[in-house]
Amino acid sequence: VWMFYHAFQDTNMMRLFQGSWSFVGWDNFAVVLGSKRFGASVLHLMQYLLFGCVLQVILGTVLALTLYELVRKEGLRIVLLILMVLPMMLPPSIVGVLWKFMLTPSNGAVNQALINLGLIQSHIEWFNAGVSLWAIIIADVWNWTALPLLIVYSGRVSLPPAVYEAARVDGAKGWLVMRRITLPMLKEVIAIAFIVRFMDAFKFVDLVYVMTSGGPAQSSELPAYIAFQRGIREFAIGEAAAYVIIIFAISAILITLFL
């Protein structure tokens with residue numbers, strides 16, 4: 001309620017302490033929607049959703065089904081599952097520092113590994129404009145693929161064995177069973193995994209802050225990060241509140257359509 005109220009005021013930190021803000025109507029929303037910075041951040045968000053969240057769900061689904069279908073020993077399966085989930089246990093701030101170190105252009109582990117494998121000839125400048133967002137996406141995929149993995153793995157464990165026994169009696173096996181039985185029965189579980197990561201994308205600030213601070217030249221900013229910058233660091237509270245309401249409205253509409 002407080003945020004909605006100040007989205008229509010010219011509130012900044014000084015006016016907030018003095019209680020001297022004034023009503024400006026939809027001016028804050030006009031500033032946000034007319035900002036090239038906001039438009040660029042929305043494109044960055046679409047890139048992150050497509051190559052970050054979607055990739056996490058695909059990788060998580062593949063790893064979960066591979067783990068369940070191919071690893072027959074229960075003890076080994078549990079050990080592998082724990083190892084795959086470990087990155088999700090780390091705080092995002094630690095993940096950001098870790099990957100910032102690993103992606104250091106001159107002597108980072110990632111560049112050295114790619115050169116040793118013969119995949120690149122020279123170091124990639126991971127934190128240059130146009131590439132920095134990809135560095136964040138790589139770190140986030142490593143950090144959060146475990147969440148859709150756990151969701152899909154739990155869904156696969158809960159599927160009724162009788163369906164698979166009937167399929168075996170009819171002679172179905174392998175990829176046919178996966179395509180015609182497993183994936184259709186898991187589609188709602190996979191959708192839930194995507195929605196959870198989709199919602200997280202709209203409040204994605206931590207890795208951006210730690211790894212690039214939105215730079216260079218605002219090339220890795222996302223809408224939530226701009227709202228954080230305007231409200232917490234630059235004290236433009238009214239404008240930041242307008243940012244957050246617009247982000248909320250967009251995410252609510254998209255998630256409703258997806259459901």
Side-chain angles (χ1 to χ4, degrees), residues 42 44-90 92 95 136-207 222-224 244 246-259:
V42 171
H44 297 159
L45 178 62
M46 298 305 295
Q47 180 181 339
Y48 169 68
L49 286 171
L50 184 60
F51 297 101
C53 295
V54 173
L55 182 59
Q56 289 169 32
V57 174
I58 292 173
L59 281 177
T61 301
V62 170
L63 289 172
L65 295 180
T66 300
L67 196 63
Y68 187 88
E69 302 293 347
L70 299 183
V71 180
R72 297 302 179 187
K73 294 183 178 179
E74 187 69 22
L76 178 60
R77 187 189 298 171
I78 292 172
V79 170
L80 291 174
L81 186 61
I82 291 171
L83 291 175
M84 291 178 183
V85 169
L86 281 178
M88 191 176 68
M89 303 300 179
L90 294 174
V95 173
I136 294 170
I137 289 173
I138 291 170
D140 192 62
V141 168
W142 181 84
N143 191 190
W144 285 105
T145 297
L147 182 58
L149 187 157
L150 279 177
I151 294 172
V152 176
Y153 183 85
S154 301
R156 177 62 186 89
V157 170
S158 67
L159 294 183
V163 176
Y164 292 91
E165 292 170 5
R168 279 195 295 271
V169 169
D170 289 338
K173 55 184 178 180
W175 171 244
L176 182 63
V177 173
M178 181 69 67
R179 183 168 61 89
R180 301 297 294 273
I181 298 177
T182 304
L183 291 176
M185 293 179 71
L186 285 176
K187 64 180 181 180
E188 293 181 357
V189 175
I190 295 171
I192 290 170
F194 179 77
I195 290 172
V196 170
R197 294 303 300 137
F198 187 91
M199 291 188 297
D200 287 343
F202 280 87
K203 55 188 180 68
F204 186 44
V205 172
D206 33 32
L207 285 185
L222 299 177
V244 173
I246 291 170
I247 293 167
F248 165 75
I250 294 171
S251 63
I253 291 169
L254 291 177
I255 289 173
T256 302
L257 291 173
F258 189 82
L259 285 170

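- Using a 30° and 60° split on the angle between ring planes, Y48 and F204 fall in the parallel class, below 30°.
- Interatomic distance, CD1 of I151 versus CD1 of I190, reported as 11.0 Å (0.5 Å rounding).
- Open room surrounds CZ on R180; 12 or fewer heavy atoms of other groups in view lie less than 6.0 Å from it.
- How far CZ of F194 is from CD1 of I255: 9.0 Å, rounded to the nearest 0.5 Å.
- A side chain to side chain contact (heavy atoms under 4.5 Å, CB included) with L81 is found for exactly one of L63, L67, L86, namely L67.
- Side-chain contact between D140 and Q56 is present, with heavy atoms from C-beta onward closer than 4.5 Å.
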Report the C-alpha distance between V95 and D206 in whole Å, list the side-chain angles of each, state the deciding distance to 0.1 Å, and finish with yes or no for side chain to side chain contact (heavy atoms under 4.5 Å, CB included). CA-CA 10 Å; V95 173; D206 33 32; over 6 Å; no

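- Contact between L159 and Y164 at its shortest, heavy atoms only, is CD1-OH, 3.2 Å.
- Of all heavy-atom pairs spanning N143 and P87, the tightest one is ND2-O, 2.8 Å.
- In this structure, the side chains of K203 and S251 stay at 4.5 Å or more apart for every pair of heavy atoms.
- Looking at residues two or more places apart in sequence or on another chain, you find no salt bridge (Lys or Arg N to Asp or Glu O under 4.0 Å) involving R168.
- In this structure, V71 and R77 approach most closely via the heavy-atom pair O-NH2, 2.9 Å.
- Of all the heavy atoms in L49 and A201, the pair that sits closest is CD2-CB, 3.4 Å.
- When atom types are taken as modelled, the side chain of T145 and the backbone of W142 share no donor-acceptor pair closer than 3.5 angstrom.
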Apply side chain to side chain contact (heavy atoms under 4.5 Å, CB included) to the pair L45 and F202, showing each step before the final yes or no. CA-CA 8 Å; L45 178 62; F202 280 87; 3.6 Å; yes

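- Here the OG1-CG distance, from T66 to L59, works out to 10.5 Å after rounding to the nearest 0.5 Å.
- A donor-acceptor contact shorter than 3.5 Å is absent between the side chain of R197 and the backbone of C53.
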Using the rule given for side chain to side chain contact (heavy atoms under 4.5 Å, CB included), can you reason through L186 versus L65, listing the C-alpha separation, both sets of side-chain angles and the distance that settles it, and then say yes or no? CA-CA 11 Å; L186 285 176; L65 295 180; 3.8 Å; yes

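- Distance check, rounded to the nearest 0.5 Å: CG of L80 to NZ of K73 gives 11.5 Å.
- The minimum heavy-atom distance between Y153 and A64, with the atom names listed, is N-CB, 3.6 Å.
- The two residues M178 and P184 make their nearest non-hydrogen contact at O-CD, 4.1 Å.
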Test side chain to side chain contact (heavy atoms under 4.5 Å, CB included) applied to M88 and L149, step by step: CA-CA 11 Å; M88 191 176 68; L149 187 157; over 6 Å; no

